[in-house]
Amino acid sequence: MTAALVRRDYSLVGPEAEKAAEAGLVSAKWYSPSISRAELKALMRRDDQPAIRDTLIWFAALIVSGSLGFVFWGSWAAVPFFLIYGVLYGSASDSRWHECGHRTAFKTQWMNDAVYQIACFMILREPEIWRWSHTRHHTDTIIVGRDPEIIQPRPPDLVAMALSVFALKQGAAAFRKLVIHAGGRLTDEEMTFVPESERRKVYGVARIWLAVFAAVIAACVATRSILPAMFVGLPTFYGGWLTYYFGITQHLGLAEDVTDHRLNSRTIYMNPIFRFIYWNMNYHVEHHLFPLIPYHALPKLHQAIKADCPPPYRSTIAAYREIIPVLARQLSDPTYFVRRELPQRARPAPGGVAAVARA
Amino acid sequence: MSETWIDAGAADRISPQDVAPFEHDGRQYAIYRTADGRYFATDGVCTHEYAELADGYVEGTIIECPMHNGRFDFTTGEAKGAPACVNLETFPVKVEGGRILLKVA
C-alpha cells in the first residue's frame, strides 16, 4: 500500500470519529506532569493587573495606528500604520480570544467576557461556536475525527495554507457559517460539540454581526471609500498573517492521536513583541498541560516543568526549520511526523511507544 | 435510605481557599475550604466531561474545572460558566474535633 492511500478523514462526522472512540482516544486520560498543589495553586492565582495593562496598551496602539492611518489615508504614508493596525486587530485578537475564552486572563469575569466578545469579532470567530470548539480541542487535542481545530490535515493542503495567510479560507467559511447561524441552524459538525442549550446564543450573535458588517458596507457605499472597512472587517484579513504564522507552530507536523501534549505541541521562545501580541501562547505545551494557568504565569510554569518536557524551540524560525521539511515530506508520505524526544529523566508518555507509533 | 456522616480526614489538610479530593465507596467527592474557614462538599467530577475538580482552582466560592475552566458555585453546586451547564450535586459537611465529616446518602 502506498502512503497516498492512507489519507485520513479529518471531519468530526466521518469514520475517523468512530475509530478514535474504538481506540480509546475520546475524552481519554492525558499525561500530566507532577507538580505540587501549593506550586500549582500559586501559578493558577488570578490577577487583573497584567491583562488590564496589556489591554490598555493594545487599545491605545490600535487607536494611535488607526488615527495615523486615517490622517495619511490616500498616500503611501498610511501603509505602515494600517499594517500595524491590521496586526493588532487581526492577529493580536487571536490570543485575546484564546485567553479570555479560557477566562483566565483577568481575575474579574466580566472583563474576560467583554474582551472575549471584542476579540471574537475582530478575528471573525463566533464566540459560542469557538468556545465549544476550543473545549473539544482541549479534550481531544489533535485526535483525528475529534479535534475541530487541527490546522492542516496530512498531507497538507498547500492552496488552503496560502489562502490562510490572509485568512481568506477561514473568512469565507466564517461568513458562510454566519449566514447559516443567522438562519437559526448549525452545521452537522457543530451539532457534535455545541450543546442544545447554547444554540440560541449562536443564532443571536450571528444576526448582530451580520448587521454590523452590513452597516460597514453601507458606510463604504455612502462615503464611496473602503476606508470604513479598513477599520472594521478588512483588518481580519490584511492583518491576520501573524496569527497564522504563530498558529502553524502550535501542533503542525507533530504526532496525531497521542494522549500526551508533550508529543503533539510545541513550546517556542519568542521575543517580547511577539509575546505581547501572542500573550505567551508560545508556551503551548504548558498551556495544554494546565489550561487553568493564566498567560502571565506560563513562563514560570515552563521553568517548573521543563525537565519533564522536550526542549523548547529557540525561535519561530527554528520551529519552521522543522515544520517546512515535514510538510514537504508529508505531501508524499502522509504518515510522516516529527517524534518529539522526551528528556531521559522525564516521565514516559502514556501508552509508551505504542501510543506514538499509532500516530 | 439511611444517611451517614463519613470521616473525610483532618480539617487542616485543606488550606484556606482550596479544594481536596475524597473518595468513599467508589465515589469521588471534592471538599472545599473557603478563605473564611467554611467547608463545603460537591461531587468530585465535573458535570461537563470527566475531570477531577480537586485539581481545579478556587476563587471565592467558585471552583473552576481543571480541564475546560467550567465554573461552579460550590456552595450551591450551580453551574456558573460554560462549558459547565449542569449543576453539581452538593453534600452536607461539618467539622467536629478537627475532622471533616461528610454526609452521604
Side-chain angles (χ1 to χ4, degrees), chain A residues 26-30 32-33 35-38 40-48 98-110 112-113 116 127-141 193-199 201-202 261 287-294 297, chain B residues 8-23 28-35 44-88 100:
Chain A
V26 176
S27 301
K29 185 161 179 60
W30 284 66
S32 183
I35 184 167
S36 74
R37 177 71 190 168
L40 192 59
K41 193 178 162 188
L43 289 165
M44 288 191 291
R45 188 171 298 127
R46 302 297 154 77
D47 186 358
D48 280 334
H98 180 259
E99 300 306 312
C100 294
H102 279 286
R103 296 197 175 98
T104 53
F106 298 90
K107 180 177 179 179
T108 305
Q109 287 311 310
W110 71 261
N112 282 318
D113 293 339
Y116 181 69
E128 288 305 318
I129 293 288
W130 280 81
R131 187 186 298 284
W132 289 95
S133 115
H134 198 63
T135 294
R136 174 70 70 82
H137 173 62
H138 272 268
T139 304
D140 299 324
T141 311
F193 58 81
V194 181
E196 187 98 34
S197 61
E198 306 302 299
R199 294 177 185 175
K201 294 181 197 169
V202 177
H261 293 107
H287 166 67
H288 269 284
L289 290 171
F290 294 104
L292 280 182
I293 293 183
Chain B
D12 61 5
R13 78 184 178 96
I14 310 173
S15 56
Q17 191 145 311
D18 207 359
V19 56
F22 176 65
E23 189 171 333
Q28 294 180 69
Y29 301 87
I31 303 178
Y32 309 86
R33 180 177 172 184
T34 61
V45 176
C46 182
T47 57
H48 166 237
E49 283 183 6
Y50 186 88
E52 293 176 21
L53 293 172
D55 293 329
Y57 175 64
V58 173
E59 180 80 50
T61 60
I62 298 291
I63 174 70
E64 273 190 29
C65 171
M67 182 177 262
H68 299 114
N69 312 61
R71 306 170 79 237
F72 300 91
D73 184 331
F74 58 75
T75 67
T76 63
E78 186 185 357
K80 301 291 279 187
C85 298
V86 177
N87 295 345
L88 277 172
I100 301 167

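Quick note on labels: first sequence line is chain A, next is B, and so on, each numbered from 1.
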Spacing of [atom1] belonging to [X] relative to [atom2] belonging to [Y], to within rounding of 0.5 Å:
X	Y	atom1	atom2	answer
E49(B)	D140(A)	CD	CG	7.0 Å
L40(A)	D55(B)	CG	CG	8.0 Å
S27(A)	M67(B)	OG	CE	7.0 Å

Heavy-atom contact with chain B under 4.5 Å, split by part of [X]:
X	value
R45(A)	both
T139(A)	both
K107(A)	side chain

Report the C-alpha separation of Q109(A) and R71(B) in whole Å, then their side-chain angles, then the decisive distance to 0.1 Å, and conclude whether the side chain to side chain contact (heavy atoms under 4.5 Å, CB included) test is met. CA-CA 11 Å; Q109(A) 287 311 310; R71(B) 306 170 79 237; 3.2 Å; yes
Please find the pair of heavy atoms, one from W132(A) and one from A82(B), that lie closest to each other, and give the distance. CZ2-CB, 3.9 Å
Nearest heavy-atom contact between P66(B) and P291(A) is O-CD, 3.5 Å
Contact between R37(A) and D18(B) at the side-chain level, heavy atoms closer than 4.5 Å - yes or no? yes
Between R131(A), H138(A), K29(A), K41(A), which has the largest tally of heavy atom pairs under 4.5 Å with chain B? K41(A)
Chain B contacts, top residue of H134(A), E128(A), H102(A), E198(A) (heavy-atom pairs, under 4.5 Å): H102(A)
Structural part of V86(B) lying under 4.5 Å from a heavy atom of chain A: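 Neither part.
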Between Y57(B) and chain A, which part of the residue has a heavy atom less than 4.5 Å away: side chain, backbone, both or neither?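 Both backbone and side chain.
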Taking 4.0 angstrom as the limit, do E64(B) and R46(A) come out as a salt bridge?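 Yes.
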Is it true that a side-chain atom of H68(B) and a backbone atom of T135(A) form a donor plus acceptor pair closer than 3.5 Å?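 Answer holds: yes.
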